[in-house]
Amino acid sequence: MLNFIILVVKIKFEILTDYLEKLENTSSQTAMINILSEIFQESGKEEIDKICYLILGQIGPGYEDIKLGMDEKMIQAAIAIAANIDKESVASETNNLGDIGIVATKFIDISKNKFKKFFYFKGDLSVDDIYKAFKKIAKVSGTGSYEIKKKTLASMLIEADDLGKKFIARLANGKMRLGVGDMTILYGLSVSVFGTKDKKDELEHAYNVSSDIGYVGKILFEKGIDGVNNINITLNRPIKAMLAQRISDFSQIKVKINSENIAAEEKYDGERIQAHKEGDNVKLFSRRLNNVTKQFPDVVKKIKKHINVKNIILDGEIVAYNFEDKKFYPFQKLMQRKRKYKIKEYRRKIPVKYIVFDVLYVNNESFLRKSYPERRKKLENILESSKYINLAKRVVSSNLDIIDGFFQDCIDRNLEGIVCKSCANDSYYHAGAREWSWIKWKKEYITNLTDTLDLVIVGAFPGRGRRSGTYGALLCAVYNHEKDVFETVTKIGTGFSDQQLEQLPSKLEGVLTDKKPARLELSKKMDIDYYLIPEYVIETLGSEITKSPIHTCNWNEEEERGMALRFPRFVRWREEKAPEQATTSEEILQMYREQ
DNA sequence: TCTGCCTGCCC
DNA sequence: ATTCTGC
DNA sequence: GCAGAATGGGCAGGCAGA
């Protein structure tokens, strides 16, 4: 018998980072795909999976319960020990440069280094070394783990060259900022093996049902496209959820949706849950595919009881529900069930319903490529509606007035809105896709149903990435007429055009101040980078008012809660308004009571 | 043992 | 979650 | 229009340090 020594050539980390640098400096999608294709060819089947994860700033498939437990603050601490300087300098430079990777390269100078490496690498730093070190960071927990994570990262940062430092720090941050997402990777895989983008759809299907891009890459390299096409929906492995598109104007529904008949389902403000039942074994997965079974023993029980099919995959929403008043509880209440401890107690305190709206798999048969009406019909046959588990309520019509009536009714009953679904023959369940066969329509999209708020800018936060050098978000306040003070109600970081963002620093320069303005009421928990004298007013939009532990608007001492805006966004400047003409705390209180 | 900061994950 | 932008 | 990258409120839990 011969003994073969199998030499696995491990790719040097340097080679990967050269490619990453090229990707970062490329904006054309086609050019990026070609670069990715080169990387994949070089990596070969041994390391293709790791390379896919790393390019996306991940260290494994999303559904695996692997968390680094490390973010910007800890990365800064690691840079500080690797560079032998204080954390505060690293933090302030992160704010100035807006990129933790560049900060790492700038500060860490190996010749001046005094930090004794904690972790040694043999020979040239390889992709595998980096991958394993990050896995190690993810794995360690308990007392002293903070130190180990920090030192492991610091060791990597010291070992790598400048480019390496940049991407290691960004990897720890989970944001590579290359302009490459999972779809671009799929195109790259297709080009690397076939020379064309043609096989992307097949790869995407495999990805959407396996939820593991590294696995798809590996199968493609090992077994070819036939192997990829054999990847199918499997019980107990979560598949990517289908998402709904949005529109800005109700009449667009008819234009965008490709069917005469429209099914309008109630849209619930809860948690998207995919349920897998295999005999007596039930598993629940969140929208990001985390296993959340333990949080909802009540739902597991009801699924077992009311679904008389052996093997099945369902899609739906868990909502907190007050069975006495027959009303939905707010989302914030449901979130308290996102827990590891005191599950029994909270199961009583916060009862929930599982509202099912789709079926993806029944007894070894995939339902993904059956039409929505067919799937719904199957669901109606299978599910015996009961108190704790039911079908999503809906109307089906080709008449927009009827759909609108249903929507109004939903709004009156305090639901978020509706989801309109195509009833066409090809209205498949397109896992992972945000498609025009599902369209959401929420109350807040209707301008005259939602009040805009005029808020005073009282603070600012430095931007990251593409927002380097300008502000990333502004702290906004309402005016309390009675006390003549400004109370914070939200930060705003979206809705600005690039041009508006670019102009922010010069626009706000005149109101920058070192001290907290006297009339600003600030919570201890709010850490402001730049104080601004209350002067500028902006028009903003949000979906609702929530109770807030960090904002001081209508602060209640006993509850230790103020009020805040959910889903806030910038609309426009209100130059003509004085800060005292801004929306008042009183008005916010009124809005809170009315919703 | 308690508190506050940080992180991950829901929306 | 929402929003903007280059391709 | 897609795909990617900015950003929000707020919940529980993990860990360090007082």
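Any value given below was found using the heavy atoms of this structure, including those in side chains, with hydrogens, waters and symmetry copies removed. Chain identifiers are assigned alphabetically (A, B, ...) following the order of the sequence lines, protein sequences preceding nucleic acid strands; residue numbering begins at 1 within each chain.
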By nearest-heavy-atom nucleotide on DNA chain B, the more 5' of A/L68 and A/D269 is A/L68
By nearest-heavy-atom nucleotide on DNA chain B, the more 5' of A/E416 and A/G69 is A/G69
Is [X] touching bases, backbone alone, or none of the nucleic acid, heavy atoms closer than 4.0 Å?
X	result
A/K175	nothing
A/K440	sugar-phosphate
A/K333	nothing
A/T30	nothing
A/F570	nothing
A/G542	nothing
A/S543	nothing
A/L565	sugar-phosphate
A/Y445	sugar-phosphate
A/L334	nothing
A/R434	nothing
A/K524	nothing

Are [X] and [N] close enough that a side-chain N or O sits under 4.0 Å from OP1 or OP2?
X	N	value
A/R246	C/dT2	yes
A/R467	D/dA6	no
A/Q332	D/dC11	yes
A/K200	D/dA3	yes
A/R561	D/dC11	yes
A/N290	B/dC10	yes
A/S286	B/dC10	yes
A/K340	D/dG14	yes
A/K149	D/dG14	no
A/S497	C/dC4	no
A/K342	D/dA12	no
A/R569	C/dT2	no

Nearest listed nucleotide, side chain of [X], among [options]:
X	options	value
A/K491	D/dG9, D/dC2, C/dT2	D/dG9
A/S145	C/dT2, D/dC15, D/dG4	D/dC15
A/Q336	B/dT7, D/dA12, B/dC9	D/dA12
A/Y341	B/dT7, D/dG14, D/dG10	D/dG14
A/K73	C/dT2, D/dA5, B/dT7	B/dT7
A/T494	D/dG1, D/dC15, C/dT2	C/dT2
A/F567	D/dG8, D/dG10, D/dC2	D/dG8
A/Q245	D/dG1, D/dC2, D/dC11	D/dC2
A/P568	D/dA6, C/dA1, D/dG8	D/dG8
A/K442	D/dG4, C/dT2, B/dT7	C/dT2

Between [Y] and [X], is there a side-chain donor-acceptor contact under 3.5 Å, judged purely by atom types and distance?
X	Y	answer
A/K507	A/Y536	no
A/Y268	A/E266	yes
A/D249	A/Q252	no
A/D269	A/Y329	no
A/T583	A/D454	no

Point to revise | salt bridge (charged side-chain N to carboxylate O under 4.0 Å, His left out) assessment of A/E204 paired with A/K240 | key: CA-CA 11 Å; A/E204 190 186 340; A/K240 296 182 66 115; over 6 Å; no
Would you kindly give the [atom1]-to-[atom2] distance between [X] and [N], to the nearest whole Å?
X	N	atom1	atom2	result
A/D71	B/dC5	CG	C1'	13 Å
A/Y146	B/dC6	OH	P	8 Å
A/R466	C/dT5	CZ	C1'	6 Å

May I have the step-by-step check of side chain to side chain donor-acceptor pair (under 3.5 Å) for A/D212 and A/S210, ending in yes or no?
CA-CA 5 Å; A/D212 185 343; A/S210 67; over 6 Å; no
Exercise. Answer yes or no: is there a donor N or O on one side and an acceptor on the other, between the side chain of A/S523 and the main chain of A/T552, under 3.5 Å?
Key: no
